[in-house]
Amino acid sequence: MQDILPKEFFEKYDTLSLARHLLGCTLVHNSPEGLTAGIIVETEAYLQNDPACHAYRKKTPRNAAMFEKPGISYVYFIYGVYHCFNIVSGQKDTGEAVLIRALEPVDGIELMQQRRGTTQLKNLCSGPGKLVTAMGINRDFNFLPVYSHHFYCLPPKDENPEIVTTTRIGITRGADLLYRFYLKGNQFVSKIVKEKPAAP
DNA sequence: CTAATGATGAACT
DNA sequence: GTTCATCATTAGG
């Protein structure tokens, strides 16, 4: 684990760049129950001036983690049912983050299946709420750096993966912004959107 | 398509 | 202090 991504990695990119550079990285959680890991195949960027961003208006206790240093986790509860996992990005106090939307399971798959209650590989981490469950992430991960000993990222093997840029999913505001990125052709993304026909 | 579900911020008194 | 609308989702039909 000598080559985990250091905090400098998260500091050197702006939010949109980081969202792209995180694709292909492996997210690892070494929990007491066992180790789980998955390749990040889908991300979304949330910027300061973006109406869909939690930090769009102002700093609150809930979104405080978004104003932390880059590389800090921001985990929050949504719809009373599921959690979403973000990695803070940009400069400290800017309130920007990258939402991890999907993983390709690579390690601890049995444990993921156990936690998710399904054996379908493609269904384990294909969505923000799902991957959080599969990886055993919970609210305690809020403020936890993703360069911790038991929770960290590994660099991608492919330096220049093919990345598709598209619109975000499941939000009502800022829905036309191209802030969603995923690895082209990967089957583990939450939803494969057909390419838009050329605008009239 | 819809229900389920809880935390939150904003807008009241 | 209380109430209400909102929310970056998922599962099930």
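Letters A, B, ... mirror the listed sequences (proteins, then strands); counts begin at 1.
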Problem set entry | A:Tyr56 OH to C:dT6 C1', straight-line distance once rounded to whole Å | 16 Å

Exercise. Under the side chain to side chain contact (heavy atoms under 4.5 Å, CB included) test, which residues partner A:Leu103, sequence neighbours left out?
Worked result: A:Leu27, A:Ile40, A:Ile100, A:Cys125, A:Leu131, A:Met135

For this session: Any pair with a residue in residues 156-171 of chain A that passes salt bridge (charged side-chain N to carboxylate O under 4.0 Å, His left out), sequence neighbours left out, goes on the list, sorted by first then second residue, please.
Result: A:Asp50-A:Arg168, A:Glu162-A:Lys184

Problem set entry | First-last contacting nucleotides on DNA chain B - partner chain A, under 4.0 angstrom, heavy atom | B:dT5 to B:dA10

Exercise. Could you state the CD1-C1' distance from A:Ile169 to C:dA8, rounded to the nearest angstrom?
Worked result: 11 Å

Exercise. Hey, would you say the A:Phe85 and A:Phe151 ring centroids sit under 6.0 Å apart?
Worked result: yes

Exercise. Going by the angle between their ring planes, with limits at 30° and 60°, are A:Tyr147 and A:Phe10 parallel, tilted or perpendicular?
Worked result: tilted

Problem set entry | Interatomic distance, A:Ile137 CD1 vs C:dA8 P [rounded to whole Å] | 20 Å

Exercise. With sugar-phosphate meaning primed atoms plus P, OP1 and OP2, does A:Leu99 contact a base, only sugar-phosphate, or nothing at under 4.0 Å between heavy atoms?
Worked result: base

Exercise. If you group Ile, Leu, Val, Met, Phe, Trp and Tyr whenever their side-chain heavy atoms sit less than 4.5 Å apart, what else falls in with A:Leu99?
Worked result: A:Tyr46, A:Ile171

Exercise. Looking at DNA chain B, which of residues 61-72 of chain A put a heavy atom within less than 4.0 Å of it?
Worked result: A:Pro61, A:Arg62

Exercise. Which part of the nucleic acid, if any, lies within contact of A:Arg57, taking any heavy atom under 4.0 Å across all strands shown: a base, the sugar-phosphate backbone alone, or nothing?
Worked result: sugar-phosphate

For this session: Compare all side-chain heavy atoms of A:Ile169 with those of A:Arg101 and state whether any distance is below 4.5 angstrom.
Result: yes

Exercise. Residues two or more places apart in sequence or in another chain: which of them pass side chain to side chain contact (heavy atoms under 4.5 Å, CB included) with A:Gln113?
Worked result: A:Ile109, A:Glu110, A:Thr119, A:Leu124

Strictly under 3.5 Å: I want the nitrogen or oxygen pairs between protein and nucleotides 10-13 of chain C, one per line.
{"from": "C:dT10", "atom 1": "OP1", "to": "A:Pro128", "atom 2": "N", "distance (Å)": "3.1"}
{"from": "C:dT10", "atom 1": "OP1", "to": "A:Gly129", "atom 2": "N", "distance (Å)": "3.0"}
{"from": "C:dA11", "atom 1": "OP1", "to": "A:Arg116", "atom 2": "NH1", "distance (Å)": "3.4"}
{"from": "C:dA11", "atom 1": "OP1", "to": "A:Arg116", "atom 2": "NH2", "distance (Å)": "3.4"}

Seminar exercise, completed: For residues 123-148 of chain A, the salt bridge (charged side-chain N to carboxylate O under 4.0 Å, His left out) pairs (sequence neighbours left out) are none

Problem set entry | A:Glu33: side chain to side chain contact (heavy atoms under 4.5 Å, CB included) partners, not counting sequence neighbours | A:Ser31, A:Leu111, A:Arg115

Would you be so kind as to tabulate the donor-acceptor pairs closer than 3.5 Å made by side chains of residues 73-82 of chain A, with sequence neighbours excluded?
{"from": "A:Ser73", "atom 1": "OG", "to": "A:Leu144", "atom 2": "O", "distance (Å)": "2.7"}
{"from": "A:Tyr74", "atom 1": "OH", "to": "A:His54", "atom 2": "ND1", "distance (Å)": "2.9"}

For this session: For DNA chain C, just give me the dot-bracket, please: Watson-Crick or G-U, both distances below 3.5 Å, ( ) intra-strand, [ ] crossing earlier pairs, | paired with another strand, . unpaired.
Result: |||||||.||||.

Problem set entry | For A:Thr15, all residues meeting side chain to side chain contact (heavy atoms under 4.5 Å, CB included), sequence neighbours excluded | A:Ala45, A:Leu47, A:Ser89, A:Glu96, A:Val98

Problem set entry | Donor-acceptor side-chain pairing of A:Arg116 and A:Thr133 below 3.5 angstrom | no

Seminar exercise, completed: To the nearest 0.5 Å, atom CG of A:Leu23 lies from atom CD1 of A:Ile163 at 5.0 Å

For this session: Report yes if a side-chain nitrogen or oxygen of A:Arg173 is closer than 4.0 Å to either non-bridging phosphate oxygen (OP1 or OP2) of C:dC7; otherwise report no.
Result: yes

Problem set entry | Length of the CG-P vector between A:Asp176 and C:dA8, whole Å | 14 Å

